[in-house]
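Values below: every heavy atom of this structure, side chains too, minus hydrogens, waters and symmetry copies. Please read all numbers here as calculations on a predicted model, not as lab measurements.
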Amino acid sequence: QVQLVESGGGLVQAGGSLRLSCAASGRTRVSTAMGWFRQAPGKEREFVATISWSGSNTYYADSVKGRFTISRDNAKNTVYLQMNSLKPEDTAVYYCAAQTGVVPGVGIGSTRRTLYDYWGQGTQVTVSS
């Protein structure tokens with residue numbers, strides 16, 4: 001069982017930056033990839049980014065590529081999402097998720113939210129214009 005707790009959300013002006021954190025309880029296995037998703041009001045939850053256990057492999061949604069960076073510190077059991085050049089359309093609740101059973105060490109998570117096994121409670125990010 002893995003419990004995930006997000007933090008770091010808030011209100012920021014367009015062009016600003018935020019860093020989200022996701023702390024995992026227990027030790028995630030090498031076959032666990034982590035991901036970030038977001039959900040804006042009235043919209044479906046969408047994929048943002050994913051990272052392998054080793055941190056060597058990442059993948060981003062086109063809408064955030066070049067602006068967001070996902071990283072992890074396994075010693076701290078924490079995954080981060082550094083968000084730069086924020087836009088009003090980035091406003092959403094951001095969720096951290098864990099997908100088990102990927103290729104050990106190097107496997108990344110899916111872009112499909114239904115394949116993730118554990119979810120955090122979410123943290124609100126609001127970008128004002």
Open item on the list: side chain to side chain contact (heavy atoms under 4.5 Å, CB included), that's the test. Do Glu44 and Gln39 meet it? Break it down for me.
Closed with: CA-CA 6 Å; Glu44 291 190 354; Gln39 187 167 17; 5.5 Å; no
Open item on the list: Could you go through Cys96 and Met34, starting from their C-alpha distance and side-chain angles, then the distance that decides it, and tell me whether this counts as side chain to side chain contact (heavy atoms under 4.5 Å, CB included)?
Closed with: CA-CA 7 Å; Cys96 175; Met34 301 298 293; 3.6 Å; yes
TODO: Begin with the C-alpha distance, continue with both residues' side-chain angles, and end with the deciding distance and a verdict on ring pair (Phe, Tyr, Trp, His ring centres under 6.0 Å) for Tyr116 and Phe37.
DONE: CA-CA 11 Å; Tyr116 285 76; Phe37 287 74; 5.0 Å; yes
- [ ] Begin from the C-alpha positions of Val125 and Thr91 and carry the test side chain to side chain contact (heavy atoms under 4.5 Å, CB included) through to its verdict.
- [x] CA-CA 5 Å; Val125 171; Thr91 295; 5.9 Å; no
- [ ] Please lay out, stage by stage, how Ser17 and Asn84 fare under the test side chain to side chain donor-acceptor pair (under 3.5 Å).
- [x] CA-CA 4 Å; Ser17 298; Asn84 299 327; 2.9 Å; yes
TODO: Could you walk me through whether Ser110 and Gln99 pass the side chain to side chain contact (heavy atoms under 4.5 Å, CB included) test, one step at a time?
DONE: CA-CA 8 Å; Ser110 173; Gln99 180 179 347; 3.5 Å; yes
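Lys65 NZ: more than 12 foreign heavy atoms inside a 6.0 Å radius. Other residues, nucleotides and ligands contribute at most 12 non-hydrogen atoms within 6.0 Å of the CD atom of Gln3.
Side chain to side chain, Thr100 and Asp117 meet the donor-acceptor criterion of an N or O pair below 3.5 Å. Between Arg19 and Tyr80, the side chains place no donor N or O within less than 3.5 Å of an acceptor N or O (distance only, hydrogens not considered).
Using a 4.5 Å cut-off on side-chain heavy atoms (C-beta onward), Arg38 and Ser63 make contact. Inter-residue side-chain proximity for Ile108 and Thr58 is flagged as unmet; no heavy-atom pair is nearer than 4.5 Å. Side-chain contact check for Ile51 versus Trp36: every heavy-atom pair is 4.5 Å or farther apart. By the 4.5 Å heavy-atom criterion applied to side chains, Tyr59 and Thr111 are counted as neighbours. With a 4.5 Å cut-off on side-chain heavy atoms, Glu6 and Gln121 count as touching. Two residues are said to be in side-chain contact when any heavy atoms from C-beta on lie closer than 4.5 Å; Arg67 and Asp90 meet this criterion. For the pair Leu81 and Val48, the minimum side-chain heavy-atom distance is below 4.5 Å. Counting heavy atoms from C-beta on, the side chains of Asn77 and Ser25 never come closer than 4.5 Å.
Nearest heavy atom pair, residue Ala40 against residue Ala92, reads N-CB, 3.8 Å. Considering every non-hydrogen atom in both Met83 and Leu86, the closest pair reads CB-CD2, 3.8 Å. Residue Gly8 comes nearest to Leu18 through the heavy atom pair O-CD2, 3.9 Å, listed as atom of the first residue, atom of the second, then distance.
A cation-pi arrangement is absent between Arg113 and Trp119, since the terminal nitrogen or guanidinium carbon is not both under 6.0 Å from the aromatic centre and inside a 45° cone about the axis.
Once rounded to the nearest 0.5 Å, the distance linking OG1 of Thr78 with CG of Leu20 reads 12.5 Å.
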